[in-house]
Structure formats: C-alpha cells, structure tokens
Amino acid sequence: MEALIQTKGLLSLPSNPKSKSLFNRPQQGLRQRFNLSNSLKPKSPNGFSLNLNTFTKFNAFVTITPQNCRTFHVCKASAAALPGGDDVESPKFMGVEVLTLKKIVPLGLMFFCILFNYTILRDTKDVLVVTAQGSSAEIIPFLKTWVNLPMAIGFMLLYTKLSNVLSKKALFYTVILPFIAFFGAFGFVFYPLSGYFHPTALADRLLEFLGPRFLGPLAILRIWSFCLFYVMAELWGSVVVSVLFWGFANQITTVDEAKKFYPLFGLGANVALIFSGRTVKYFSNMRKHLGPGVDGWAISLKYMMSIVVLMGFAICGLYWWVNTYVPLPTRSKKKKEKPNMTTMESLKFLASSPYIRDLATLVVAYGISINLVEVTWKSKLKAQFPSPNEYSSFMGDFSTATGITTFTMMLLSQWIFNKYGWGVAAKITPTVLLLTGIGFFSLILFGDPLGPGLMKFGITPLLAAVYVGAMQNIFSKSAKYSLFDPCKEMAYIPLDEDTKVKGKAAIDVVCNPLGKSGGALIQQFMILTFGSLANSTPYLGGILLMIVLAWLGAAKSLDTQFTALRREEEIEKEMERSAVKIPVVSSNEDENKSLDSSPETSFPRES
C-alpha cells in the first residue's frame, strides 16, 4: 500500500539512490516527470532537501512508501498507518477469504442452534398454556399484554444497566446462561412438580366468585409456571436471536460481508427449522404409543428440553471460539463519544433519533400485523385440531414447511439484495403480509358462499381457512427471516456503538413484544366491542391495511437515511485508503506566501 503525498514547499527526501527516480515514475503516482537532479542538494547524511529557488511554483504529487518515508517527518503518521509496502492478498477458499469464513461459518452454526431451540420452544409454549386443565386459548392475549410486555421492559432496563458495566463477552454469557438453566429446570423440575405449587384451589374459588369471563386472567395464576415458560420462550426469540446473536454478528462483520452473507445465515438456520419441526412431530406422535397412566407429555418435555440445553451450550462454545481465534474488524471512531447514560437518558436519546424511530416502526408494525392474522388463524386451528397431540403434530408440520420455504427464499434473497438493494428488500415483507392477509380474511368473510365449492374438493371452509392461514404465516415468516431480519440488522451497522447497543436493546426487546401486545390489545378491544373475534374480522382487515401502509412509509424513510450513512462510511474508508494531502512548510516565508496565493494546479499523467 502506498501513500500519495502532495508536496508543497520544502521536502526532505531519503538518500536512497532510487529516491530520485520516484519523481520520474508516473505509474507510481507522479503526475508529471521532473528532472530534479539539479534541484536536489545534500541536506544530511540521510536525506536531501528540495531547493525551491529552482521553481517559482511547485505543485507535484509524489509517491511515498513506508520504506522511503522514514526520513519524512511530515508523513510519519501516514506511514505508521500502513502495514507494508505492497498489499498482501489474503488467502481464499472457494473465492472467499479464509478470515471471512472463520467468522461466517460459526455464525451460521450459532444461528442454526438458536433457531432449532426457538422452534421447539415456540411450538411447545402454545400447547402448554392452551391445553392445560382450567385454561384455554383466551389466555394468550392476556399473557402477551400483561405478562410478556412488562417482563420484556424489565429485561431491557436490566440489559441497559449491564451493558454499561460488563464487557461484551461477559454480557453475552450473563444473559444466555439463565435461559439455558431455566429450560433445563422446567423439563426436569417445574413441570413434574407443577401439581404441588400451582394454586389450583385458589384459582377455582376466584373463578367461581368472579365468573367465567375472567377465565383467561385467572389461568395465568392457575398455571403460573407454564406462563413463565411461555414468556421465557418469547424472550428467547427477542433476546437471544435479536440482541445477542445479531448484536454479535454486527460486531464482527463489515457492511460488505453483511450484505453478502447475512441472508445466507438463514440457510443453515432454516435447515434447523426443518429438523426441529420433525423433532416436535416425532415427540408428539410418540405420546400416542405410550401405555395408559403414563404422562407422555412429561417424557416429551424432558427429551426436548435436554436438546434445548445441549444446543445452548453449543451456542456458548461457538461464541467462545470466535472471540478467541477470530480477529475483530476495526471500526472507524465516531467523532463524538457517548458517555454512560441513565435508563431514562438512553430512552430519550433513542426517541430523539429519526433513524431509531423508523427502525422501531418496522418492528412494531411487523409484530402487530403478524399478530392480527396469526391469533385469528390459531383460533381456527384450535377449532380444527382440539387435541393437544393433533395440535402439536400440525405445528411440527408447519415448522418444517416454514423451514423449506424460508430456505428457498434465502437462496433468492442475496440476488434481491445485489440487484435491487436494501430499500426494495425491506419492502417485500410488508407487501407479502398484506397480500396473503387479504386472502386469508377474504376466505373467512366469504367462507359460507364458498362452502359447496370447497366440499367438492373434500375440505370444509374451516379446514380451508386453516390451510390458507398456514400459508399466510409460512410466507410471512419466510419473508421475515430471509429479508426483514437481515435488512433490520444491516441498518444497525453504520450506527455508533452506543446507539447500536442501546438501540437494539430498546427496539428488539421492547418493540418486539410491544407489537405483539399491541395486536393483542386491538383484538381484545374488538372482541369487547363487537362481541367476538369473528364479528370483528372486517375491522381487523382494515387496521391491518393501515399498519402495513405505515410500515412501508417507515421503510422508505429508513432507506434514505441508511443510504446516507453508508455513503458517509464509504467516504471515510476511501479517505483512509486514498491519497492524503499534507502541506510541508517552506523555510522561505516569501515563497510560502507566493505558493499559497497561487491556485493549486495538477499535472496530467503521461501515458
């Protein structure tokens, strides 16, 4: 690597015989050949000085390498930043730098393990709380609004505090290890002993006193350990996937690497979805072959929670290996270092940023939109498959189909990013959700007139709504994993470290459940106003339309800001790599004045 120095005034040159020829080699940066042999006079045993009396005006470009720059006091800073005279090409494997592969492969394996666990936890949590004795599907909106959201906010506050006092590695282990311990304890302690510490008698008395309309809230008290599992499973998706994994990925990758490989992280992850879906289905069917009196669900939980624990330790091992053996990329320092802030100061700082607000809008809009459709779909699914075995088995097939579809979308996502850019990729997910949502709600609203036609194919309107809703969820989730999540995480990279760390905690941990809870609140309000979820379906469709339009507007605004930050970052990198102009003060003040008063001119390169 060479530094291009624009010399103006007195210049000290090395005594190396090749130094004179530096001025006569245009291919190394000289814009015009000069015969400077008569202009060079000895200055010291180690160098020459340029006699400016020979030239009334002098403005030339000289190439300086680290080797011949030792006697140039003015270019020591530039030379110190250069690793060597010539660029050394990094070793590559299949066209990819080995250093990049040492980062990308472990990240892909981490994502595989994280989403394998998340699929098992996601499919298990609904079965636990919906099929438990004394509970029903009505518990889910109350859980999301009054339990999940407060715990998510509490975690964000704690995480913000810990991020100010712990290192990144200590913060990672401090957050993930309690999750691993809880899920292991639930399978082997909490669930087998749940009959001893669940206040069933108290819940029965309260239900008799308050009436059946309080079945949902009282079910939270009745099966509190199952509800805790539900919340921890939800937080696994928000905390481990969004904050820990993507935060770590953003830390060790560059924007160019992210654009190329972030969509591909999901390839291995969605293989995990396929296998974890098969795992859930296997254990769901295994319960049917056990003898009478055996709690098959307890046995299934022990197996699945054991897998979750093993995958959790694998995640920790991969994280340790990358931090130990992979050098982290250097980031250009931002002009202003942010001091440690209190929690309220952090929230005010994040709220004052249009960039963070647009990111928050994307996350909240997705949570509300998918929840409006998904909860309605789950009500139909519960009506079609009331048995826990059938419900869980169908969810296993659903997860496998989601993995296959998302895998295909991942293969297309890199082409979309390369051809159309971040802005188009960010708008695909809301567009897909809007179109498939319209189809799902239309089938529910106009299912009865379509009944005779559907019966010709051997399916009822209810089963058709279940399948169409499943397709809607599959395509929406595949678009989220392959395009929405990479777009969201790429948007964090150009930010400074303070905004990145605290912004991710606020957006991913709070805004994620806020979107889900917002959707649940909307549904609760609609049910209380119109009497049932079915009666409120047309209004839910209208709300979905408005939210998706706001989502698209935020994506457009964020695209403009992201492009500007990327351009700024590219300019900073280009300034580091390209020529640096350094003025050299002449010993003759009059000549300096003459040079400064004259416009700078550059000489054309001779071919």
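Note that the coordinates shown come from a computational prediction; the quantities given were computed from them, not determined experimentally. No hydrogens, no waters, no symmetry mates; every other heavy atom, side chains included, goes into these values.
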Run the numbers on Asp485 and Lys480 for side-chain contact (heavy atoms from CB on, under 4.5 Å), then give the verdict. CA-CA 6 Å; Asp485 285 345; Lys480 176 184 184 293; 3.1 Å; yes
Is it true that the side chains of Lys281 and Ser393 contain a donor and an acceptor less than 3.5 Å apart? yes
Thr253 and Leu107, any side-chain heavy atoms less than 4.5 Å apart: yes
Is the distance between the ring centroids of Phe275 and Phe116 under 6.0 Å? no
Tell me, do Glu489 and Tyr492 make a side-chain contact under 4.5 Å, heavy atoms counted? yes
Quick one: does Tyr191's side chain get under 4.5 Å of Met305's, heavy atoms only? no
Parallel, tilted or perpendicular, as decided by the 30° and 60° cut-offs, for the rings of Phe484 and Trp551: perpendicular
Would you say Trp321 has more than 12 foreign heavy atoms packed within less than 6.0 Å of its CH2? yes
Test ring-ring contact (aromatic ring centres under 6.0 Å, His included) applied to Phe188 - qualifying residues, sequence neighbours left out: none
Set of residues satisfying salt bridge (charged side-chain N to carboxylate O under 4.0 Å, His left out) with respect to Lys427, sequence neighbours excluded: none
Please give me the minimum heavy-atom distance between Pro106 and Val322, naming the atom from each residue. CB-CG2, 3.4 Å
So how far is it from Ile474 CD1 to Thr406 OG1, rounded to the nearest 0.5 Å? 8.5 Å
Evaluate the criterion side-chain contact (heavy atoms from CB on, under 4.5 Å) for residue pair Asn323 and Phe248; output intermediate values, then yes/no. CA-CA 10 Å; Asn323 277 283; Phe248 180 54; 3.6 Å; yes
In Å and rounded to the nearest 0.5 Å, what is the CG to CZ distance from Asp397 to Arg278? 5.0 Å
Listing, residues 224-237 side-chain donor-acceptor contacts under 3.5 Å, not counting sequence neighbours, or none:
from: Trp224; atom 1: NE1; to: Phe197; atom 2: O; distance (Å): 3.1
from: Ser225; atom 1: OG; to: His198; atom 2: NE2; distance (Å): 2.5
from: Glu234; atom 1: OE1; to: Lys516; atom 2: NZ; distance (Å): 2.8
from: Glu234; atom 1: OE2; to: Lys125; atom 2: NZ; distance (Å): 3.0
from: Trp236; atom 1: NE1; to: Ile114; atom 2: O; distance (Å): 3.2

Can you tell me how far apart CZ (Phe183) and CE (Met311) are? Round to the nearest 0.5 Å. 14.5 Å
Contact summary for Lys477 and Thr402, nearest pair of heavy atoms: CB-CG2, 4.1 Å
Looking at every non-hydrogen atom in both residues, tell me the closest pair between Pro430 and Leu552 and how far apart they are. CG-CD2, 3.4 Å
Would you mind reporting whether Leu244 and Ile315 have side-chain heavy atoms less than 4.5 Å apart? no
Could you check Val127 against Asp123 for side-chain contact (heavy atoms from CB on, under 4.5 Å), going step by step and ending with a plain yes or no? CA-CA 7 Å; Val127 178; Asp123 292 346; over 6 Å; no
Can you give me the closest heavy-atom contact between Asn164 and Thr160, atom names plus distance? ND2-O, 3.4 Å
What side chain to side chain donor-acceptor pair (under 3.5 Å) pairs are there with at least one residue in residues 358-371, not counting sequence neighbours? Lys144-Asn371, Asp358-Ser557, Asp358-Gln561
Would a 4.5 Å heavy-atom cut-off, applied to side chains only, mark Val239 and Phe179 as touching? yes
Tested for side-chain contact (heavy atoms from CB on, under 4.5 Å) against Phe186, the lone hit among Leu128, Val308, Thr124 is Leu128
Pairwise distance OG(Ser476) to CZ(Phe440) - rounded to 0.5 angstrom: 11.0 Å
Results of side chain to side chain contact (heavy atoms under 4.5 Å, CB included) for Ala360 - residues two or more places apart only: Ile507, Cys511
Is the shortest side-chain heavy-atom distance between Pro486 and Phe417 below 4.5 Å? yes
On a heavy-atom basis, the closest approach of Ala479 and Met409 is CA-CE, 4.3 Å
Nearest atoms (heavy-atom pairs only) where Thr174 meets Leu162: CG2-CD1, 4.3 Å
Counting C-beta onward and ignoring hydrogens, is there a side-chain heavy-atom pair between Cys316 and Ile176 closer than 4.5 Å? yes
Taking the side chain as every heavy atom from C-beta outward, state whether Tyr355 and Leu565 have any pair of such atoms under 4.5 Å apart. yes
Verify whether the ring centers belonging to Trp415 and Tyr420 lie closer than 6.0 Å. yes
Let me know which of Tyr319, Phe245, Tyr118 forms a ring pair (Phe, Tyr, Trp, His ring centres under 6.0 Å) with Phe111. Phe245
Sequence-distant partners of Lys169, salt bridge (charged side-chain N to carboxylate O under 4.0 Å, His left out), two or more places apart: none
Kindly say whether Gly469 contributes a backbone atom to a donor-acceptor pair with the side chain of Asn473 at under 3.5 angstrom? yes
Ring centres of Phe562 and Trp422 under 6.0 Å apart? yes
Rounded distance [0.5 Å steps], CG in Leu273 versus OG1 in Thr119: 4.0 Å
Give a yes or no on whether the backbone of Thr405 and the side-chain of Ser478 come within a donor-acceptor separation of less than 3.5 Å. no
With rounding to the nearest 0.5 Å, note down the distance linking NZ in Lys488 to CH2 in Trp246. 8.0 Å
Any idea how Phe394 and Trp377 line up, ring-wise: parallel (<30°), tilted (30 to 60°), or perpendicular (>60°)? tilted
